[in-house]
Number of protein chains: 2
Amino acid sequence: MPPELIAVLIAVSDDRPMVLTLEGGRLLPSGPLEAGHRSLQTGLRLWVEHQTGHALGHVEQLYTFADAPVDGGPDERRVMISYLALTRTRRGERGWRGWYDYFPWEDQTAPEGRALVQRIARLLDDWAGRAPSAAGQEARRQRVALTFGLDGLGWDDELVLQRYELLWEAALVPESAPPGAPVLPGLSMACDERRVLATAMARLRAKIRYRPVIYELMPDSFTLLHLQRTVEAVAGQPMHKQNFRRLVAQQDLIEETGEVAPDTRGRPARLFRFRREVIGARRIAGSKLPLARPI
Amino acid sequence: MPPELIAVLIAVSDDRPMVLTLEGGRLLPSGPLEAGHRSLQTGLRLWVEHQTGHALGHVEQLYTFADAPVDGGPDERRVMISYLALTRTRRGERGWRGWYDYFPWEDQTAPEGRALVQRIARLLDDWAGRAPSAAGQEARRQRVALTFGLDGLGWDDELVLQRYELLWEAALVPESAPPGAPVLPGLSMACDERRVLATAMARLRAKIRYRPVIYELMPDSFTLLHLQRTVEAVAGQPMHKQNFRRLVAQQDLIEETGEVAPDTRGRPARLFRFRREVIGARRIAGSKLPLARPI
DNA sequence: GACCTTTATGCTCATGTTGAGCATAATCTA
DNA sequence: TAGATTATGCTCAACATGAGCATAAAGGTC
């Protein structure tokens, strides 16, 4: 059984991060590595284009997963080489699903997301209490607090995978819960593919901080608020508007188009475009994400 | 042909970073993923222990590589899932080689390393001049300057892989040079394994900045200068002593043992130990690496 | 014993970065 | 005309970072 190539294709539309899926959102585009593929990445591109018709832009390898082998089962296991790809949605394309449909607790810009974390905190506290030893309970509580930013520790948007794995261990997601048991809201995926999705989210959130990949998700021209909303959508956290602009301005990665955004509500905003030429011309850091206090 | 598991095992001894190799330094420990392996990591651990007798501590996945398929060759290609592992050397163990024996230009703490970069800069300028078009020459020069920190751009210690790939393209390393052509100093490895080694170095250099992994490479107790020399050995760059201590102190990750280092030259230094308990108890950043001007 | 070399350690200072928020400008709508 | 709404400019305090001065505590040399 050859390794499989699997893609998490991300776009942001209407300030919502989206993932390209198959089979009603249960699967990610994927296919086996074949002898004819010139490289892993070309193999991936061929499969995704074949299955979804969508060409890939910026692509980077994420992680290689392997199923646990089944006792007495076939002598084969599924090895998945996963990739993160960034792109823009195109009108009328099907299969795009909201990121936060799979991980509702990851959206900390919305009050619902924050409320859900409060609920999760209570459920995980129960779970911690069910640890066999007192030391085990303490260790679990500490882990919960750290992973979900409780006790004033502060939410870390990059801990996507750690949070999912914690919920998995606590049997609060359908992938691990006994049949019929109550589970958290959020779509699940076939096999372990939600784990791949979590890995992609975590990587993207980390990456926008130190590389200007956010522009891969932007249209040709955009306002600063649009850019901010896109970053907020990805990071799942609100930002401080003025500081965000200051940071973006001093990076010197974008330039005014000279035009102004049509049909806005307040004062019209200037339009900007990404200066493609700076890629490779300078050493570029992403943006430090000037966070705002979650009101 | 099942995927292969391949390990870059790193330790620092006598302020020199070392890699565990086989076959006189030509190979890294590796072996095929087998049905009996419970996970990728357990498979890796088994192979490394079997081949080298060394048990693995901190392990993390690096990258999955695939050879280019050979035209008309076997229908099979080598897929390598690579790992970085950190450990300490043990007396009398064989197979340890210096990192910088493979990448002499990466050691920017030593004058020889800096001189070598000057030589490389000249060779790569020639290479850039051999590009077909004027625009191509300019693009090559820009890439060289950025990758090797020329023209006042500053050396970026994390660009290990980019530098190696540039030298590969310019046919300055034995892996890509035509037979008999002059090549740069530095040991090479079988297949593309030096590329795996470069990836590991790059990852480790990046990681010590934001996670306290450096302590995986330290003995139980150490002086602050010893810690600094270890970081410098990994980063390949000199640090500012006082600022280094300030940073380490404010991280609060280590504590005094109460003892003092034996047989030192100047004023005796206090010994410290890593506070293992903080792992998991706090959100921990590595160290920002207070660089010193290369004299 | 005085003095030099060497490493350890404490402290200051200028500069840059970051979080927070006030104030004003330019639109549209009621 | 008075909000409402978004854009944009600017200030301030707190903290982080790069650089380097000054002193302390050892051993070795004359």
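The sequence lines fix the lettering, A, B, ..., with proteins before strands; numbering per chain opens at 1.
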For D151(B), the salt bridge (charged side-chain N to carboxylate O under 4.0 Å, His left out) test, sequence neighbours excluded, returns none
Those residues at least two apart in sequence (or on a different chain) that pass side chain to side chain donor-acceptor pair (under 3.5 Å) with R203(B) are E60(B)
Residues, nucleotides or ligands: over 12 heavy atoms within 6.0 Å of E259(A) CD
no
Between dT6(D) atom P and D15(A) atom CG, what is the distance in whole Å?
12 Å
From CZ of R265(A) over to P of dG3(D), roughly how many Å is that when rounded to an integer?
18 Å
Is the phosphate of dA7(D) approached by K241(A) (side-chain N or O, under 4.0 Å from OP1 or OP2)?
yes
Ring pair (Phe, Tyr, Trp, His ring centres under 6.0 Å) partners of Y63(B), counting only residues at least two apart:
F65(B)
Side chain to side chain donor-acceptor pair (under 3.5 Å) partners for H54(A), two or more places apart
T87(A), E93(A)
The side chain of R270(B) is closest to which nucleotide in this list: dG21(C), dG20(D), dT9(C)?
dT9(C)
Measure CZ/R229(B) against C1'/dT6(C) and give the value in whole Å, please.
12 Å
Atom-pair distance (NE2 on H240(A); C1' on dT8(D)), nearest Å
13 Å
Nearest listed nucleotide, side chain of R245(A), among dT17(D), dT18(C), dT8(D):
dT8(D)
Name of the residue among R205(A), K207(A), R209(A) meeting salt bridge (charged side-chain N to carboxylate O under 4.0 Å, His left out) with E158(A):
R209(A)
Rounded to the nearest angstrom, tell me the gap between atom CE in M239(A) and atom P in dT18(C).
13 Å
Here the distance between atom C1' of dT8(D) and atom CD of E256(A), to the nearest Å, is 11 Å
Separation of dG18(D) C1' from Q237(B) CD (nearest whole Å)
14 Å
Taking atom P of dA8(C) as reference, at what distance in whole Å does atom CZ of F244(B) sit?
12 Å
Show me the protein contacts with nucleotides 22-24 of chain C, counting only N or O atoms at under 3.5 Å.
from	atom 1	to	atom 2	distance (Å)
dC22(C)	N4	Q242(A)	NE2	2.4

List the residues meeting ring pair (Phe, Tyr, Trp, His ring centres under 6.0 Å) with Y215(A), not counting sequence neighbours, and say none if there are none.
F274(A)
Among dT27(C), dA25(D), dA20(C), which is the nearest nucleotide to the side chain of P268(B)?
dA25(D)
Side-chain donor/acceptor contact of R246(B) with base of dG10(C) under 3.5 Å
no
